[in-house]
Amino acid sequence: MLYAVLCYDAESEVCAWSKELDEKVMADLGAVNQRYAEAGKLGPVARLMPTTAAVTVRKGLTDNIVMDGPFAETKEQFLGFFVLEAETLEEAIQFARELSAANPANGTYEIRPLQFFNPGVPIT
């Protein structure tokens, strides 16, 4: 089963990290990622740019409306995602726990099963 592990956190906190702290966090997360990648269980991983770089396209009555920023005002923002191949939900939860342990912020990891729409295309 493929799982999306979605990372949410307060963008204002994460973007305020020093360069040194950011590099340490990314290295710690990279160590978790490397173990799963070497086992052939980790697919695409992406860190999103800040919401200030985002635009939202919303369907209007007669035309699409393009707005700056994310679609919702929230305390936590969607910061990135991991695609994990896990045999069980418990394995995906363990992966999220390891990511959480490597992350000094108070982030949240949401786990959702994926339906893959490109049959035959490997995730790695």
Side-chain angles (χ1 to χ4, degrees):
M1 171 69 66
L2 291 178
Y3 291 93
V5 181
L6 310 175
C7 176
Y8 295 88
D9 210 328
E11 184 177 85
S12 59
E13 180 182 341
V14 173
C15 289
W17 288 345
S18 67
K19 180 180 181 205
E20 293 77 17
L21 178 57
D22 188 70
E23 288 174 354
K24 180 186 180 321
V25 171
M26 295 310 291
D28 291 347
L29 291 171
V32 174
N33 293 346
Q34 189 62 34
R35 286 196 312 276
Y36 285 84
E38 287 174 357
K41 294 182 173 277
L42 190 63
V45 174
R47 184 178 191 185
L48 301 178
M49 298 297 292
T51 55
T52 54
V55 296
T56 298
V57 177
R58 186 177 302 248
K59 186 172 183 169
L61 291 175
T62 59
D63 200 4
N64 290 333
I65 301 165
V66 179
M67 301 174 287
D68 289 338
F71 70 92
E73 293 295 325
T74 61
K75 291 182 181 179
E76 292 183 331
Q77 288 75 38
F78 177 47
L79 300 183
F81 65 89
F82 305 81
V83 174
L84 178 71
E85 184 171 338
E87 292 182 25
T88 64
L89 176 59
E90 289 74 25
E91 184 180 1
I93 291 170
Q94 179 58 34
F95 176 69
R97 285 184 173 142
E98 292 178 42
L99 294 173
S100 183
N103 187 344
N106 294 320
T108 301
Y109 293 91
E110 177 183 345
I111 301 168
R112 288 196 198 177
L114 286 175
Q115 291 181 319
F116 199 52
F117 292 106
N118 285 325
V121 178
I123 64 167
T124 56

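Model, not experiment: these values are computed from the prediction.
The 12-atom threshold is exceeded at CZ of R35, counting heavy atoms of other residues, nucleotides or ligands nearer than 6.0 Å.
Judged purely by atom type and a 3.5 angstrom limit, T88 uses its side chain to pair as donor or acceptor with the backbone of E91. No side-chain donor-acceptor contact under 3.5 Å links D9 to the backbone of E11.
Interatomic distance, CG of L84 versus CD1 of I111, reported as 8.5 Å (0.5 Å rounding). Going from atom OH of Y109 over to atom CD1 of I93 covers 15.0 Å, rounded to the nearest 0.5 Å. Between the CE atom of M49 and the CG atom of L79 there is a distance of 12.0 Å, given to the nearest 0.5 Å. Note that CZ of F78 is 8.5 Å distant from SG of C7, once rounded to the nearest 0.5 Å. Rounded to the nearest 0.5 angstrom, Q77 CD and C15 SG are separated by 8.5 Å. With rounding to the nearest 0.5 Å, the separation of CE in M1 from CD in E87 is 12.0 Å.
In summary, the side chains of E98 and Y36 do present a donor paired with an acceptor at a separation below 3.5 Å, with no hydrogens or angles considered.
Between K19 and E23 there is a salt bridge, since a side-chain N of the basic residue sits under 4.0 Å from a carboxylate O of the acidic one.
In plain terms, the two heavy atoms of V14 and A105 that are nearest each other are CG2-CB, 4.4 Å. Minimum heavy-atom separation, A102 to V32: CB-CG2, 4.4 Å.
At a threshold of 4.5 Å between non-hydrogen side-chain atoms, the residues Y3 and L89 count as touching. A 4.5 Å side-chain heavy-atom check between V5 and F95 finds at least one atom pair inside the cut-off. Put simply, the side chain of P104 reaches to within 4.5 Å of the side chain of L21, judged on heavy atoms. N33 places a side-chain heavy atom less than 4.5 Å from the side chain of L99.
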side-chain hydrogen bond (donor to acceptor under 3.5 Å, both in side chains) assessment of Y8 paired with E110: CA-CA 8 Å; Y8 295 88; E110 177 183 345; 3.2 Å; yes
Test log, rule side-chain hydrogen bond (donor to acceptor under 3.5 Å, both in side chains), inputs Q34 and E38: CA-CA 6 Å; Q34 189 62 34; E38 287 174 357; 2.9 Å; yes
